[in-house]
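Here's the structure we're looking at; comments come further down.
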Protein chains: 4
Amino acid sequence: MTDKRRRRLPRSVREQEIIDAALHVFSKRGYHAAVVDEIAELAGISKPMVYLYLGSKEGLFVACVRRESERLVAAFREAAQAGDSPERRLWAGLSAFFAFVAEHRGSWVVLHRQSPGQGEAIAEELAAARRSVMAEVTGLVRDGITEGGGAVQLGDQDADFVAHALVGAADSLTDWMELHPEQAPGGVTLRLMNMVWVGMRNVLAGEVWAPPHDE
Amino acid sequence: MTDKRRRRLPRSVREQEIIDAALHVFSKRGYHAAVVDEIAELAGISKPMVYLYLGSKEGLFVACVRRESERLVAAFREAAQAGDSPERRLWAGLSAFFAFVAEHRGSWVVLHRQSPGQGEAIAEELAAARRSVMAEVTGLVRDGITEGGGAVQLGDQDADFVAHALVGAADSLTDWMELHPEQAPGGVTLRLMNMVWVGMRNVLAGEVWAPPHDE
Amino acid sequence: MTDKRRRRLPRSVREQEIIDAALHVFSKRGYHAAVVDEIAELAGISKPMVYLYLGSKEGLFVACVRRESERLVAAFREAAQAGDSPERRLWAGLSAFFAFVAEHRGSWVVLHRQSPGQGEAIAEELAAARRSVMAEVTGLVRDGITEGGGAVQLGDQDADFVAHALVGAADSLTDWMELHPEQAPGGVTLRLMNMVWVGMRNVLAGEVWAPPHDE
Amino acid sequence: MTDKRRRRLPRSVREQEIIDAALHVFSKRGYHAAVVDEIAELAGISKPMVYLYLGSKEGLFVACVRRESERLVAAFREAAQAGDSPERRLWAGLSAFFAFVAEHRGSWVVLHRQSPGQGEAIAEELAAARRSVMAEVTGLVRDGITEGGGAVQLGDQDADFVAHALVGAADSLTDWMELHPEQAPGGVTLRLMNMVWVGMRNVLAGEVWAPPHDE
DNA sequence: CATGAATGAGGCTTCATTCAT
DNA sequence: CATGAATGAAGCCTCATTCAT
């Protein structure tokens, strides 16, 4: 922490600091309960500066959502690019995704655990962010499973289904991880992948399961 | 609905109507953005009645959480009791769970999609409700998979892991269902079960998957 | 405490019970902080009955003030009548007055320790009550001191001065008595009388005191 | 007063102005009947400023009580220091005290004429303020009478008794003064002092009075 | 550029009072 | 006669946002 008094920072840097502060507060309190004063104080500047840079409370939130969803997508993509086969790419992508959700709690909370109905603009921005994240996962799932699972094709709708299930499970498992702090995130990813993965492959290979009927 | 003006209702009935209205508004707006006036208006009474019956905005929320978590647990248990084998019970319970999440959107949103940090009492109540729901799922998962999957035992921790994954996936899949209204909830349950189920069984049977390494 | 349910009491009795309850609550909380619900509950009846009998919160307060000031005046007069000389009457009256203030704390608090400005009607009623109490004291003081102190006459204005001082001192000494519960009220009266009495007599007899000047 | 619109005042000045306004309103209406809006309006600012500076209605009241009790004590002490003998100090202190009570009606009403039971914090603050005021008077009374009256010692308890009586009488005499506006405060002080003073001295000198018995 | 000072608007809560049975 | 049910009105407090320096 350098001396916070009377720093002259370039606009872009200061803006990022404000968004950092906003992310922290929004994730801790939720959009409505968050208070702009707290964000300004945490950013080490006065409130009018916050308004000068981001325009409004909504602007703050939108900036957070935009930046963090881009970060998540970027992490996902970067990891995925490293693999040289669809299966490897999928594994790497999901690992990165899971790591992001587990480690950047604040970002994920802002993106995925806000109550709905906080206003038109916010709902729109959140929906867009979630769509863009989900699209990445869906794409990798489709390719990964299709090629990894053998000759079986996985349609867009099915891939999207799997992507939703994976994302939801990953989200929920961050709660589980808080109850079991001794479990490493990598291990959790592996367990989740195993469960879904082996299931997907076998289901695609024809091993279906049907609900047992009472005779 | 009969004439809403100046109805005199017994306390117990009015109270349920108020909770109905509160559930609707809380699920639409989230705890903080919800406004007590709107709840009162939707319940067809004046604000002081709301306070006379439920005490405070927090009291309203707690009443919603309590009632709906009990409903969810009840639906889950009732369905599970119908089966005569662990596997059947698990299937029935999860079907009921999924149906509840898909159909009682409001209840589920209030239980599971609130921003964190809404205050001590609220956080505590939500945590308790979620624990009680998760405990039900975990119990059925452990028994169901253990006996359904063969001789393999599933420990409490593993069962809880699977339960979290299932609950999270189910939650997320309600979003998917909104994108695909033509899909019946029963079918969605079946797909989810298949994916997880077959995977779990095979994993327990020894078919593990490991991330592929670049050679 | 007899069975409070469904008593049929004559109007006058019930009214006194309500005033009892009101006095208790008003003296404990003050006019504004007092809540009609609490008065009704303490009186063992429903709120509409309170309004049927006393009309309004103001009516409740006015009834308390009127009844208690009459009681105080009555106690004062009754005691004073017992004496057969002005000096005895004064002593007896002041003793009774002091005993009343010390023992009927509720009554005295309602009469003398209300914030001003609670509304026109209330201010008027309180002023009237205080005037009537003070008039009693003034009358006895004038006669008692005039005849008790010798040939010296005490005018109305002076008597009123002494009466005010005595009443104020008596009021304040109830606080002192709370700090010294071991002191009997009778002793306190005696001390006060002694201090004022001897002073008055000597002053009237010519022993004046003047502020010392620096030379 | 200069143009009240949009004045920018430093915090400390504004704060005192707010307390001035609060004192006025609290003394006119009493704690509960006072309305924060009126205080804000009288202070020439908007309500949020009041809350920003003093925190709450309770905070406003506490600030008044604290400031005014300190003022009273200061006036009392300053006057007392001027004398060069216990008797002179007592006279000067009591004169100052009486002048304060007579002239700063608002301060005195807030300090001494609030209904009891306005809430824990308020009751505590008021009790503390009254204790501190009474302690000053008690101290001076003890020294002043002891040395002024000759060789007779006056114990703490007796001094406190006299102090309570004096303070109560002074309080009540402000009412008398309102009925006799032609009387100067200095004269009232002198009369009160004479009455109590001569009495105390003579009582301490052995001239006791006892209630007359009917033979 | 930066901020201390200021506010309009709105939300939670309470309470005296009345209505319909 | 008696009451459970109901509400209009008002008060405390907070917060996003802006002004004047």
Side-chain angles (χ1 to χ4, degrees), chain A residues 5-11 14 32-40 44-60, chain B residues 5-11 13-15 32-40 43-60, chain C residues 5-9 11 14 32-40 44-53 55-60, chain D residues 5-11 13-15 32-40 43-60:
Chain A
R5 285 165 303 176
R6 318 219 165 243
R7 285 173 308 154
R8 291 294 174 109
L9 293 181
R11 184 178 179 101
R14 175 139 295 175
H32 242 87
V35 170
V36 177
D37 290 63
E38 190 181 352
I39 294 172
I45 57 173
S46 67
K47 237 185 321 177
M49 290 303 290
V50 172
Y51 280 86
L52 182 64
Y53 276 72
L54 276 309
S56 68
K57 189 182 183 183
E58 244 185 45
L60 279 169
Chain B
R5 283 167 303 178
R6 317 223 166 235
R7 278 183 306 152
R8 294 286 175 119
L9 292 183
R11 191 182 177 105
V13 175
R14 252 294 124 83
E15 193 167 304
H32 256 91
V35 170
V36 178
D37 289 64
E38 190 181 353
I39 295 173
I45 55 174
S46 67
K47 238 186 318 175
M49 287 301 289
V50 172
Y51 281 88
L52 182 62
Y53 280 54
L54 277 310
S56 67
K57 189 181 183 183
E58 232 182 59
L60 276 171
Chain C
R5 286 166 301 177
R6 316 215 168 247
R7 285 173 308 154
R8 291 293 174 108
L9 294 181
R11 184 177 179 102
R14 175 142 294 175
H32 242 87
V35 170
V36 178
D37 289 63
E38 190 180 353
I39 294 172
I45 57 173
S46 67
K47 235 186 321 177
M49 288 305 288
V50 172
Y51 279 87
L52 182 63
Y53 276 71
S56 68
K57 190 183 182 181
E58 243 184 45
L60 278 169
Chain D
R5 282 167 304 176
R6 317 220 167 237
R7 278 182 308 151
R8 294 285 176 123
L9 293 183
R11 190 182 177 105
V13 175
R14 253 293 123 84
E15 193 167 303
H32 255 91
V35 170
V36 178
D37 290 66
E38 189 180 354
I39 294 172
I45 56 173
S46 66
K47 233 186 323 175
M49 288 302 289
V50 173
Y51 282 90
L52 182 61
Y53 280 52
L54 277 310
S56 66
K57 190 182 182 181
E58 234 181 58
L60 276 170

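Chain naming here is simple, since letters A, B, ... match the order of the sequence lines and numbering starts at 1 in each. Reckoned from all heavy atoms, side chains included, excluding hydrogens, waters and symmetry mates.
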Dot-bracket encoding of pairs in DNA chain E, which uses [ ] for pseudoknotted crossings and | for another strand, Watson-Crick or G-U under 3.5 angstrom = .||||||||||||||||||||
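One can place CG of D/L60 at 10 Å from P of F/dC12, the figure rounded to the nearest angstrom. For D/R11 and E/dA6, the CZ to C1' distance is 13 Å, given to the nearest whole Å. Atom CD1 of A/I39 is separated from atom C1' of F/dC15 by 12 Å (rounded to the nearest Å). With rounding to whole Å, C/L52 atom CG is found 9 Å from F/dA2 atom C1'. Between the P atom of E/dG4 and the OH atom of D/Y53 lies a distance of 11 Å, rounded to the nearest Å. In this entry the distance linking CD of D/E15 with C1' of E/dG4 reads 15 Å, nearest Å.
Separating the CD1 atom in A/I39 from the CG atom in A/L60 is a distance of 5.0 Å, to the nearest 0.5 Å. Going from atom CG of D/L9 over to atom CD of D/E15 covers 12.5 Å, rounded to the nearest 0.5 Å. Summarising the geometry, atom CZ belonging to B/R14 is positioned 11.5 Å from atom CG belonging to B/L52; distances are rounded to the nearest 0.5 Å.
Out of F/dT3, F/dA6, E/dA6, the shortest distance to the side chain of B/R14 is found at F/dA6.
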Start with the C-alpha gap between A/Y51 and A/V36, add the side-chain angles, then the distance that decides, and say whether side chain to side chain contact (heavy atoms under 4.5 Å, CB included) holds.
-> CA-CA 9 Å; A/Y51 280 86; A/V36 177; 3.8 Å; yes
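Contact between A/A34 and A/K57 at its shortest, heavy atoms only, is O-NZ, 2.9 Å. Across all their heavy atoms, C/S46 and C/A40 have their closest contact at C-CB, 4.1 Å.
At the heavy-atom level, D/L9 lies under 4.0 Å from the strands shown only through sugar-phosphate atoms. Within the nucleic acid shown, D/I45 comes within 4.0 Å of sugar-phosphate atoms alone, with no base atom in reach, counting heavy atoms only.
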Annotated protein contacts, base or backbone, on nucleotides 13-18 of chain E with a non-hydrogen cut-off under 4.0 Å, one of B, S, - each | BBBSBB
